[in-house]
Amino acid sequence: MEEIEAEQQKLSNFEIGSLPNLFYIPDFITDTDQTLLLNYIYGAPSSKWKLLKNRRLQNWGGVVHEKGLLPQALPPWLTNLTHKISEESGLFPSPINHVLINEYQPNQGIMPHQDGPSYFPVVAILSLGSPVVMDFTPHSKLKLDSQVIDKETDGETIEIVKDKWLDDHRPFSVILMPRSLLIFKDKAYSDYLHGIKDCEVHGYDGAVNEAEALKHSESYRHIYGREDKEETIGKEECKNISRTSNRVSLTCRLVPKVHKNLFRF
Ligand SMILES: O=C(O)CCC(=O)C(=O)O
Ligand SMILES: [Fe+2]
């Protein structure tokens with residue numbers, strides 16, 4: 001019990017934004033571990049990849065069915081990671097048994113969505129490769145109305161549509177740097193959709209973890225391709241990430257209902 005409290009104490013240091021239970025852990029794994037994971041992922045047989053229109057993916061842990069998981073043991077290179085996530089977060093009531101690996105080219109993304117009902121409502125996403133911005137949008141059922149505001153710029157009037165949301169819901173975004181872990185549950189899981197834009201440049205102005213994500217000079221190298229952060233920091237026009245390489249993410253979840261016997265399904 002005390003141990004669990006200590007873990008959660010530690011996790012609370014990584015809470016970001018104004019929603020409860022949204023955590024961003026920079027440098028969750030080392031550079032060496034990133035390389036090892038990428039070698040395993042790209043070393044998998046090509047039949048393991050499933051091609052989608054806007055990305056490709058590998059499914060590990062079995063098939064998620066509406067009635068539960070038809071399980072397949074995770075390989076040790078993935079259980080090393082899932083055990084670390086379970087231990088350090090203390091948020092999963094039993095071992096993580098499903099990992100979805102997504103690969104995105106610089107102009108690919110994922111439509112705003114909510115994760116399926118078969119999963120326990122906590123998700124941990126490890127990011128590798130190119131940084132990206134993940135957008136969170138309140139579920140449309142929480143939208144009250146849209147307000148059109150006229151704005152004068154350079155003698156022209158432009159219309160800005162501002163959505164009004166129930167309570168304190170509002171869209172926000174999170175920067176996902178390589179080797180970081182994002183964890184979310186509760187409202188961020190059930191009241192919001194999450195997605196990644198399918199364009200090569202991602203703006204991160206106002207991202208809830210801007211400071212945490214850009215703390216290291218390594219981040220500047222990833223985003224700007226160089227180290228001289230003084231020149232670029234604080235300039236509005238520079239708050240962009242240019243996705244010059246692929247991003248690979250590992251979405252780690254728990255499917256509580258597991259079918260023990262395939263044939264009695
Ligand atoms: O690639 C990501 O970071 C997000 C993946 C995701 O949302 C999912 O697999 O449900
Ligand atoms: Fe998702």
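Every number for a ligand or one of its atoms is a count from 1 in the order of the listing.
- Which parts of ligand 1 touch Ser249 is read off a 4.0 Å heavy-atom cut-off, strictly below it: atoms 1 (O), 2 (C), 3 (O).
- A tilted orientation is assigned to the rings of Tyr42 and Trp49, their planes being inclined by 30° to 60°.
- At least one donor-acceptor pair under 3.5 Å links the side chain of His202 to the backbone N or O of Lys197.
- Which parts of ligand 1 touch Arg253 is read off a 4.0 Å heavy-atom cut-off, strictly below it: atoms 10 (O).
- The minimum distance between the Fe ion (ligand 2) and any N, O or S atom of Asp115 involves atom OD1.
- Heavy atoms of other residues, nucleotides or ligands lying less than 6.0 angstrom from NZ of Lys257 number 12 at most.
- Under the 6.0 Å cut-off for aromatic ring centres, Phe136 and Phe184 qualify, their centroids lying closer than that.
- In the vicinity of Leu100, heavy-atom distances shorter than 4.0 Å reach the ligand 1 atoms 9 (O).
- Note on Leu100: it does not cluster hydrophobically with Tyr189, by side-chain heavy-atom contacts below 4.5 Å among ILVMFWY residues.
- Once rounded to the nearest 0.5 Å, the distance linking OG1 of Thr251 with CG of Leu57 reads 9.5 Å.
- The nearest non-hydrogen atom to atom 7 (O) of ligand 1, considering only His194, Met111, Arg55, comes from His194.
- In the vicinity of Asn102, heavy-atom distances shorter than 4.0 Å reach the ligand 1 atoms 5 (C), 9 (O).
- Ligand 1 places these atoms under 4.0 Å from at least one heavy atom of Asp115: 10 (O).
- With ligand atoms numbered from 1 in the order given, ligand 1 contributes 1 (O), 2 (C), 4 (C), 5 (C) to contacts under 4.0 Å with heavy atoms of Tyr104.
- At the shortest separation from atom 3 (O) of ligand 1 among protein heavy atoms lies Arg247 NH2, 2.8 Å.
- Residue-level proximity to ligand 1 for Leu182 is absent, since no heavy atom of it falls below 4.0 angstrom.
- Which parts of ligand 1 touch Met134 is read off a 4.0 Å heavy-atom cut-off, strictly below it: atoms 2 (C), 3 (O), 4 (C).
- At distances below 3.5 Å, not a single donor-acceptor pair connects side-chain atoms of His169 with backbone N or O atoms of His139.
- Not one N or O on the side chain of Lys215 forms a donor-acceptor pair closer than 3.5 Å with the backbone of Glu210.
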